[in-house]
Amino acid sequence: MPVEFLGIAANHDGTETTARSGGALDLPFATKLARAHEDNGWDRILFAYHSGSPDPAQVAAHIAANTERLNLVVAHRPNTAYPTLTAKTFATLDHISGGRFEVHVITGGSTADQAAEGDHLDKDARYSRTREFIQILKRAWTSDEPFDFAGEHYRFENFVADIKPLQTPRPRISFGGSSHAAYAVGAAEADVFALWGEPLAGTAEQITTIREAAAAAGNPLPTIQVAFRPILAATDELAWEKAERTLGAIHARSADGGDTRGRLRRNVAQPENSGSQRLLAAAGAGERHDRALWTATAAATGGGGNSTALVGTPETIAAALLDYYDLGVRIFSARGYHLYDDAVDFGRHVIPLVRAEVARRDAEAAGAARQEAVA
């Protein structure tokens, strides 16, 4: 089956290891990074969301005008705009991009960051709102007739959008989370279910849970996406040396009070969301797991988002990704600590290895199926 690769769009060149060199929105760098992904075999890039960051939809529109092939995955929080407005905004962006838009719906894992934009719902209520939000998006994008909606969080009458997405029937919707509420909502409503990179056993456990939740909702398993931070070098030994340097830079940056966006990091040792808690639990069980998974970076950032690393040569990391592919993962999200260089290196040296092996397996399976049919 096909495999996809999701990279990161960035507003500037800052990361957990290096302070940004300019302002909050460096469009020349954002464009350069997007083109590096497009030119080196990536399928999609994610425009992340934070309460104080530049608007990802507008940055995506700029990148759409400066790329030709990349799918543009825009993160969106339901609390920030009414779903009917969001449906029109994103349908417009789908036209601007020539049918390359996707949305990643974020329920919100930080009470403080939700409150920064006036959202004071508790976690369960936020997931309930997300379910309604996605349901409205789907209907607004596909209904040619006016419709009403009467839910717990949204209520309106007689809405119909004049602009529909260019894609038919609609753009793909991704969603992430690792709580029971997240599994239920994502399995019922999302096309892509995004997870953070855990050891193989933990990932298998989550996929089983999502599959069961999808079956309970009468749906097939969503496409599974898993995220990692690749640390590449010419030999495994050099890669681990690079990993230790990277960890030192993270600690130094944290000591200075900064994170990837140049904000102060607060309460990183006490994450609220289940995904971060799972990452810290994996880190507590050991720094190295399976073929190449390294949790020290997750521990250093308090389980902050996509923070577990895959360390090694391109061949080692490709083999590790294929271990997850064998579990059913079909989209790999990867973001290095040196945004531009790592996007180029991963695209040139890892993506072709994974694609070639998946193609070989597919050809072998097709051949076996033909032989069985003849027999």
Side-chain angles (χ1 to χ4, degrees), residues 3-8 10 13-18 33 36-37 39-42 45-46 195-203 225-254 259-260 279-280 282-327 329 331-358:
V3 62
E4 298 179 64
F5 291 90
L6 170 69
I8 190 70
D13 59 357
T15 72
E16 297 92 333
T17 62
T18 309
L33 181 63
H37 284 88
D39 293 342
N40 289 282
W42 298 78
I45 54 173
L46 172 67
L195 302 171
W196 288 329
E198 295 186 15
L200 290 165
T203 301
Q225 172 182 305
V226 177
F228 301 100
R229 308 299 294 269
I231 300 177
L232 283 162
T235 68
D236 286 338
E237 181 180 5
L238 289 173
W240 283 107
E241 291 176 2
K242 181 179 177 181
E244 292 295 342
R245 292 195 301 272
T246 299
L247 183 61
I250 292 172
H251 284 308
R253 181 100 173 93
S254 181
D259 69 1
T260 182
L279 294 186
L280 290 181
E287 284 194 354
R288 297 193 187 190
H289 298 263
D290 306 318
R291 192 187 299 267
L293 188 72
W294 193 44
T295 63
T297 46
T301 57
N306 174 16
S307 55
T308 49
L310 289 177
V311 182
T313 64
E315 292 78 13
T316 296
I317 291 181
L321 293 175
L322 288 162
D323 291 337
Y324 287 90
Y325 181 88
D326 289 338
L327 297 180
V329 178
I331 301 175
F332 293 110
S333 173
R335 170 166 58 100
Y337 290 98
H338 302 279
L339 295 174
Y340 180 83
D341 291 344
D342 287 340
V344 172
D345 289 344
F346 188 91
R348 288 180 179 176
H349 302 299
V350 178
I351 290 177
L353 294 176
V354 177
R355 290 199 196 280
E357 176 58 18
V358 169

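Quick caveat: nothing in here was measured; it's all calculated off a predicted structure.
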Do you know the tightest heavy-atom contact between A283 and A299? CB-CB, 4.0 Å
Do you know which two heavy atoms are closest between E198 and T203, and how far apart they sit? O-OG1, 3.4 Å
Which pairs count as salt bridge (charged side-chain N to carboxylate O under 4.0 Å, His left out) when at least one residue sits in residues 295-307, sequence neighbours excluded? none
Any non-hydrogen side-chain atom of R291 less than 4.5 Å from a side-chain atom of Y324? no
Answer whether the closest heavy-atom distance between the side chains of L321 and V350 falls below 4.5 Å. yes
Any side-chain hydrogen bond (donor to acceptor under 3.5 Å, both in side chains) pairs touching residues 305-322, not counting sequence neighbours? D236-T316, T313-E315, T313-T316
For G14 versus L339, what's the shortest heavy-atom pair and its separation? O-CD1, 4.1 Å
Please examine the side chains of S333 and L46, heavy atoms only from C-beta on, and report whether any two atoms are closer than 4.5 Å. no
Which heavy atom of T295 sits nearest a heavy atom of G286, and at what distance? OG1-O, 2.8 Å
Could you walk me through whether V358 and L322 satisfy the side chain to side chain contact (heavy atoms under 4.5 Å, CB included) test, starting with their C-alpha distance in whole Å, then the side-chain angles of each, then the deciding distance to 0.1 Å, before giving a yes or no? CA-CA 8 Å; V358 169; L322 288 162; 4.0 Å; yes
Just grab all the side-chain hydrogen bond (donor to acceptor under 3.5 Å, both in side chains) pairs involving residues 336-346, residues at least two apart or on different chains. none
Any donor-acceptor N/O pair, H289 side chain to A282 backbone, under 3.5 Å: yes
To the nearest 0.5 Å, what is the distance between OG1 (T15) and CZ (R229)? 7.0 Å
Can I351 and N40 be said to form a side chain to side chain contact (heavy atoms under 4.5 Å, CB included), step by step? CA-CA 9 Å; I351 290 177; N40 289 282; over 6 Å; no
Euclidean distance, T297 OG1 relative to H251 NE2, rounded to 0.5 Å: 9.5 Å
Do the non-hydrogen side-chain atoms of T18 and R253 ever get within less than 4.5 Å of each other? no
Non-hydrogen side-chain atoms of Q225 and L6 separated by less than 4.5 Å: yes
I need the L293 CG to L200 CG distance, nearest 0.5 Å. 8.0 Å
Would you say that R355 contacts F5 through its side chain, given a criterion of any heavy-atom pair below 4.5 Å between the two side chains? yes
Check L279 against G305 and note the closest heavy-atom contact, atom names and distance. CD1-O, 3.3 Å
Considering all heavy atoms of both residues, which atom of A309 and which atom of I231 are nearest to each other, and what is their separation? CB-CD1, 3.9 Å
Counting only N and O atoms by type, is there a donor-acceptor contact under 3.5 Å from the side chain of S254 to the main-chain atoms of I250? no
d(T17 OG1, R245 CZ) to nearest 0.5 Å is 11.5 Å
Partner of F346 by ring pair (Phe, Tyr, Trp, His ring centres under 6.0 Å), out of F228, W42, F332: W42
